[in-house]
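The structure appears right after this line, and notes come after that.
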Amino acid sequence: MTSPDESFYFRPTASVARDLVGKKLVRIVRGNDGQVVRRLSGVIVETEAYGHSDDKASHAYIGPTRRNSIMFGAVGRAYVYFSYGNHFCVNISARSPNAKAGAVLIRALQPLEGLDIMQQLRNRKDLYDLTSGPGKLTKAMGITNLLNGVDMTDPDGELHIEPEDAPRSVACSPRVGISRAVSKKWRFFDIDSPFVSRTVPAIHRARIVTARVYTNSHIH
DNA sequence: CGCTCGATATTCT
DNA sequence: GAATATCGAGCGA
């Protein structure tokens, strides 16, 4: 199995966020002997891009700190942070070669492998409630700050991305749960998926942004 | 269904 | 002390 390499993540963060929709987030659990015990995975159906000095809503806007340092380092790494005092969120560091920082927040998955484990970790059965939010999916996959900084381009790594290139219709909208830089349309989601984190207003359902028609002017 | 509230890391005032 | 890239329990309609 291959994974997108660093060249995939060394592009404008919003482009990476768009192109991650439809790929698989994979969590590998290994035993003491190094053998794979379980695979947990899901198709990414919703992401958000966070920039640097161009983006007041980004953790990186204030410059490097201990928490956000991954956003300023190598691309393709997991940036895991603790939010609102009770859950984790997972991002992948990604940025244009001429930018200093950036990351893509994974907001929702369609559960694929290891459903029973995810249901246990979440203490919930409903597949539509299992990974339909950034805090939910980290709990379902057992992602904590212990995984902060892991290389997500390593196809044998505990946490990585795998291709899953069935055609997707991707739309964009303003990001969720922020109060600054609300005009940027840097949330990307699979317009046909029932697994996104919340209902998408009708005004945004028509804004198809595929790889073919995408330009930066669509998302500003 | 929609509302309020508690959980409490990290950063800012 | 207050705000933030949230979630879920507990409530009442």
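Letters A, B, ... are given to chains in the order of the sequence lines, protein chains preceding strands, and every chain is numbered from 1.
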key: Gap in Å between the two P atoms, one belonging to C:dA13 and one to B:dC5, rounded   = 16 Å
ask   = Under the 3.5 Å rule, do the base of C:dA5 and the side chain of A:Tyr81 count as making a donor-acceptor pair?
value = yes
query = A:Asn86 has a side chain; which of B:dA9, C:dT6, B:dT11 sits nearest to it?
reply = C:dT6
query = Using centres under 5.5 Å plus planes under 30 degrees as the test, is A:Tyr50 stacked with C:dA5?
reply = yes
note = Under a 3.5 Å limit on both distances, the Watson-Crick or wobble mate of C:dA5 is none
request  = Establish, with yes or no, whether the OP1 or OP2 oxygen of C:dA9 is under 4.0 angstrom from a side-chain nitrogen or oxygen of A:Arg124.
outcome  = yes
query = Under 6.0 Å between ring centres, would you say that holds for A:Phe195 and A:Tyr128?
reply = yes
query = Could you give the CZ-to-C1' distance, from A:Arg175 to C:dT6, as a whole number of Å?
reply = 16 Å
task = Round to the nearest Å and state the distance from A:Leu130 atom CG to C:dT6 atom P.
result = 19 Å
ask   = Rounded to the nearest Å, what distance is computed from the OH atom of residue A:Tyr84 to the P atom of nucleotide C:dG8?
value = 15 Å
task = For the residue pair A:Leu112 and A:Ser41, establish whether any side-chain heavy-atom pair is separated by less than 4.5 Å.
result = yes
key: Length of the CG-P vector between A:Asp129 and C:dA9, whole Å   = 9 Å
ask   = Which of these, A:Arg77, A:Met152, A:Met141, A:Glu158, sits in a side-chain contact (heavy atoms from CB on, under 4.5 Å) with A:Leu147?
value = A:Glu158
inquiry  = Between C:dA5 and B:dC3, how far apart are the two C1' atoms, rounded to whole Å?
reply    = 23 Å
query = Heavy atoms under 4.0 Å, any strand shown: does A:Asn68 hit a base, just sugar-phosphate, or nothing?
reply = nothing
task = Please state whether the phosphate of B:dT10, meaning OP1 or OP2, lies under 4.0 angstrom from any side-chain nitrogen or oxygen of A:Thr65.
result = no
request  = Describe the nucleic acid contact of A:Leu105 in one word from base, sugar-phosphate, nothing, applying a heavy-atom distance below 4.0 Å.
outcome  = base
note = Considering only heavy side-chain atoms of A:His87, the closest of C:dC7, C:dG8, B:dA9 is C:dC7
key: Gap separating the CG atom of A:Leu137 from the OG atom of A:Ser197, nearest 0.5 angstrom   = 10.0 Å
query = Does a nitrogen or oxygen in the side chain of A:Lys139 sit under 4.0 Å from OP1 or OP2 of C:dG8?
reply = no
task = May I ask you to say what A:Arg67 touches in the nucleic acid, namely base, sugar-phosphate or nothing, with a heavy-atom cut-off under 4.0 Å?
result = sugar-phosphate
request  = Report the distance from atom CD of A:Glu46 to atom P of C:dA5, rounded to the nearest whole Å.
outcome  = 15 Å
task = Once you apply the 3.5 Å cut-off to both distances, tell me the Watson-Crick or G-U wobble partner of B:dT8, or none.
result = none
request  = Could you tell me which non-hydrogen atom of A:Arg122 sits nearest to which non-hydrogen atom of A:Leu130, and how far apart they are?
outcome  = NE-O, 2.9 Å
